[in-house]
Amino acid sequence: MGPLLIMDLNTLRHSCSHVMAQAVKELWPQVKLAIGPAIEDGFYYDFDKKEPFTDEDLLVIEKKMQGIIASDEPFLQEDLAKEKAIELFKKLKEGYKVELIQALPDKNVSIYKTGKAFLDLCRGPHIKSTGQIKVFKLLSVAGAYWHGIETNPMLQRIYGTCFETQKELEAYLKNLEEAKLRDHRKLGPALEFFDIYHEEAGAGLVFYHPKGALIRTIIEDYEKKEHLRRGYQIVITPHIMQAELWKTSGHYDYYKENMYTFKIEDKEFVLKPMNCPGHILIYKSKTRSYKDLPIRYFELGTVYRHEKAGVMHGLLRVRGFTQDDAHIFCLPAQLRDEIKKIIDFVFDTMKIFGFNEVGIELSTRPEKYIGSEEDWQKATTALEDALKEKGIVYEVNQGDGAFYGPKIDIKLKDALKRTWQCATIQCDFALPKRFNLAYIDAEGKERQPIMLHRVLLGSLERFIGALIEHYKGEMPLWLAPTQVLLIPIKDTVTQYAQEVKQKLESNNIRVDIDMRNETLDKRIRNAELNKTPYCLILGEREAKQGQVSVRKKGSGDQGAIALDKFIEELTNQIQEHR
RNA sequence: GCUGGAGUAGCUCAGUUGGCAGAGCACGUCCUUGGUAAGGACGGGGUCACGAGUUCAAUUCUCGUCUCCAGCUCCA
């Protein structure tokens, strides 16, 4: 047998997961099998075993797998009548498999056999024989619920991956290493952007240090300016509001487990988990005419949500975060256009921050929801139509919408092609109804506006996390907290360094000065590690001629130029970035 | 919340088979005044995550709590 002409990587990985399961069964016959599919970067198999698998176990399993591969056992497929299959797996005491077969609609089920005794329920396809597996590696063990349902028993999942060549495997492992180097949880604190790990303050709460706060401020300023330019109005609403309001909005009934509530003098208050009710109160503060619509309220709204312990993750999942949140109140006739405008706004914003690739998903009605089916249908159609009219390709996530409406999620892709959920656009007929929102139409009749909820960056925390990983902590010039670091060579030039600093500052360039009693080399190394875009080396030569010696991060010494010239060039470069 | 792993100086980590805790970097002082990625000397710094228990003695053993990590579930 020659090699496969077209090797389907998924098939290969799926087969590899079978081999792993076979190895596990041979080593621990009492282990029960659940499922073992191929996934994006490899495969896994879920096992029911009392004692946890250890890292040493993984090595033992790998060795066993190598044996199975070496003996080149064929994958044999066979169709069995459903009843017979159930009987067979009952006899094998594979309860999970029995459950799976019982759930299958067909009369016959497909079984694969490898080796002497390894049988698995499987649709296939598989490679011809185990010898076709060349390179594989078991990566980790983790718990996973049977069928992914929280109340089901927890199984042990072994993750592994498999490639056609050693080279590809190494590239994959290298990519994992690369991702580790970009980890914002490491880089953020190391670069003094933020920290998040104060046990005494509580989990999931972010402390922005000066540099991180500066980055965030730059982003916020950009957003405020851009929203005003695009016809939004900035509003600011309270952080605590009484429970009454959240009962009206439905959050109290549908979102309670995530809300921070407290009682003062018999009144119950809620720390806001969302900004919508606040914006709604502003809308309701007076009678609105159809001529006023659309009304677009924007708020950098800080919200608190009690996420379950164990789901927090760096800046990506926290308990207190700030959304670049807007609510648009519009006429039915304006809906599609408003959605399209938001989509454009999202794309423009992503581009500004250096993300050029996105993935788009439409999420439909979940099990827990408010509002009528008819409104859900209308809202979903509006979102779909806007996407279609813009010629955007999207995936559908059934049942993944918010409780008050369907949504479009726009996920950005970073330098390593990983996706980040940031922007979302939600169409909502339910809250306007609950709050009795109204406008007066051309005939003088009261009508109900439609409400759009949307965020562009999502949460500033998550977005900053994405930025750090995308740029590996090396912020683009316009976002870099320190754009230029001055390094006076010795203290005879500190006077000149001060002058340069002032001149740069008066040109709105963010500048720091490193006057520490350290060698030039040491201070340069430091600047490189801090990922400062530019260093200006200032010695007596430069002072004499009004020049600066430019060092660019990553590309080294650029030679000396006149200070004014440097300012001009840098200013241009900062402008270009945005 | 669930399964498994972990918590020693600001950071990266060593160490104590139960007997007053260590390195490098960082920080401070002094020397050095340097031309593009680590100059030198000396020094300060720890309730060994927190709380109970066992013990003559706990950072080390046991239990509980908190936090973090890999996932599951959930999500901006």
Side-chain angles (χ1 to χ4, degrees), chain A residues 44 46 49 51-55 139-159 183 185-186 189-190 192 195-204 255 257-258 273-275 301 303 305-319 321-325 400 402 407 409 411 420-424 426 453-463 465-466 487-494 516-530 535-542 549-560:
Chain A
Y44 67 78
D46 286 346
K49 175 173 176 282
E51 311 74 31
F53 287 112
T54 62
D55 287 349
L139 299 168
S140 58
V141 191
Y145 299 108
W146 169 235
H147 280 321
I149 295 167
E150 226 174 331
T151 47
N152 277 349
M154 180 153 287
L155 308 169
Q156 291 189 65
R157 174 171 299 178
I158 300 179
Y159 284 94
D183 193 330
R185 291 168 302 178
K186 287 302 232 181
E192 298 182 336
D195 73 69
I196 201 169
Y197 309 114
H198 296 281
E199 254 177 71
E200 64 274 45
Y255 205 71
E257 66 270 24
N258 285 311
M274 293 185 187
N275 300 300
V303 295
R305 299 179 186 173
H306 187 79
E307 301 293 349
K308 282 192 270 184
V311 306
M312 263 84 74
H313 182 96
L315 290 181
L316 306 188
R317 194 73 183 279
V318 291
R319 283 180 173 160
F321 56 100
T322 300
Q323 299 177 301
D324 58 340
D325 204 0
D400 224 19
K407 60 177 182 174
D409 285 327
K411 303 187 175 188
W420 304 74
Q421 163 71 64
C422 290
T424 155
Q426 303 173 350
H453 309 242
R454 53 105 278 197
V455 289
L456 303 179
L457 306 181
S459 92
L460 292 176
E461 284 73 15
R462 177 177 289 183
F463 189 72
I487 308 182
I489 294 177
K490 50 183 178 177
D491 42 22
T492 54
V493 287
T494 46
R516 289 178 307 160
N517 182 16
E518 296 289 353
T519 57
L520 177 60
D521 280 5
K522 178 80 165 267
R523 287 179 287 166
I524 285 173
R525 176 179 149 82
N526 218 270
E528 288 281 344
L529 293 176
N530 284 324
C535 288
L536 296 182
I537 314 298
L538 307 173
E540 280 168 10
R541 285 207 301 265
E542 288 79 7
S549 281
V550 181
R551 184 190 165 93
K552 191 175 177 182
K553 160 100 184 70
S555 16
D557 193 354
Q558 310 287 300

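Values below: every heavy atom of this structure, side chains too, minus hydrogens, waters and symmetry copies. Convention: sequence-line order gives letters A, B, ...; per-chain numbering from 1.
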**Q** With a cut-off of less than 4.0 Å, is there a side-chain N or O of A:Y145 near OP1 or OP2 of B:rC74?
**A** no
**Q** Does A:V318 reach a base, just sugar-phosphate, or nothing at all? Heavy atoms under 4.0 Å.
**A** base
**Q** With a 4.0 Å cut-off on heavy atoms, is A:E540 in touch with a base, just the backbone sugar-phosphate, or nothing at all?
**A** base
**Q** At less than 4.0 Å, is any side-chain N or O atom of A:K522 found next to OP1 or OP2 of B:rA26? Yes or no.
**A** yes
**Q** For the C1' atoms, the ones on B:rG64 and on B:rU17, what distance do you get once it is rounded to whole angstrom?
**A** 26 Å
**Q** Once you apply a heavy-atom cut-off of 4.0 Å, does A:E528 come out as touching a base, just sugar-phosphate, or nothing?
**A** base
**Q** Pick base, sugar-phosphate or nothing for A:G556, based on heavy-atom distances below 4.0 Å to the nucleic acid.
**A** nothing
**Q** Of the candidate nucleotides B:rG35, B:rU67, B:rG1, which contains the atom at the shortest distance from the side chain of A:E199?
**A** B:rU67
**Q** Regarding A:R157, tell me which of base, sugar-phosphate or nothing describes its non-hydrogen contacts under 4.0 Å with the strands shown.
**A** sugar-phosphate
**Q** With rounding to the closest Å, how many angstrom separate the P atoms on B:rG34 and B:rG39?
**A** 15 Å
**Q** Base, sugar-phosphate or nothing for A:N517? Non-hydrogen atoms, less than 4.0 Å.
**A** base
**Q** So does A:K553 get a side-chain nitrogen or oxygen closer than 4.0 Å to the phosphate oxygens (OP1/OP2) of B:rA37?
**A** no
**Q** Does A:R541 reach a base, just sugar-phosphate, or nothing at all? Heavy atoms under 4.0 Å.
**A** base
**Q** How would you label the contact of A:G143 with the nucleic acid (heavy atoms, under 4.0 Å): base, sugar-phosphate, or nothing?
**A** base
**Q** Please state the P separation for the pair B:rG22 and B:rG45 - nearest whole angstrom.
**A** 13 Å
**Q** With sugar-phosphate meaning primed atoms plus P, OP1 and OP2, does A:K411 contact a base, only sugar-phosphate, or nothing at under 4.0 Å between heavy atoms?
**A** nothing
**Q** For A:K308, report the nucleic acid contact type (base, sugar-phosphate, nothing); a contact means any heavy atom under 4.0 Å.
**A** base
**Q** Please state the C1' separation for the pair B:rG7 and B:rG15 - nearest whole angstrom.
**A** 16 Å
**Q** On a whole-Å scale, what distance lies between the C1' atoms belonging to B:rC20 and B:rU32?
**A** 39 Å
**Q** Taking only the side-chain heavy atoms of A:L520 (C-beta and beyond), determine which of B:rG35, B:rC69, B:rC27 contains the nearest atom.
**A** B:rG35
**Q** If B:rU59 has a Watson-Crick or G-U wobble mate with both distances under 3.5 Å, name it; if not, just say none.
**A** none
**Q** In whole angstrom, give me the gap between the P atoms of B:rG19 and B:rU59.
**A** 11 Å
**Q** Heavy atoms only, 4.0 Å cut-off, all strands: where does A:E461 land among base, sugar-phosphate and nothing?
**A** nothing
**Q** Less than 4.0 angstrom between a side-chain N/O of A:R185 and OP1 or OP2 of B:rC69, yes or no?
**A** yes
**Q** Mind checking A:V311 for me? I need base, sugar-phosphate or nothing, with any heavy atom below 4.0 Å counting as a touch.
**A** base
**Q** Heavy atoms under 4.0 Å, any strand shown: does A:Y159 hit a base, just sugar-phosphate, or nothing?
**A** sugar-phosphate
**Q** Can you check the distance between B:rU12 and B:rA58, where both ends of the measurement are the P atom (answer in whole Å)?
**A** 29 Å
**Q** OP1 or OP2 of B:rA76 less than 4.0 angstrom from a side-chain nitrogen or oxygen of A:K407, does that happen here?
**A** yes
**Q** I need the CD1-P distance between A:I524 and B:rG39, as an integer number of Å.
**A** 11 Å
**Q** Rounding to an integer number of angstrom, what distance separates B:rU73 and B:rC11 when you compare their P atoms?
**A** 33 Å
**Q** Is any side-chain N or O of A:S140 closer than 4.0 Å to OP1 or OP2 of B:rA70?
**A** no
**Q** Just by distance, with hydrogens left out, do A:S459 and A:Q323 show a side-chain donor and acceptor under 3.5 Å apart?
**A** no
**Q** Any base atoms under 4.0 Å from A:T492, or only sugar-phosphate, or nothing? Heavy atoms, all strands.
**A** nothing
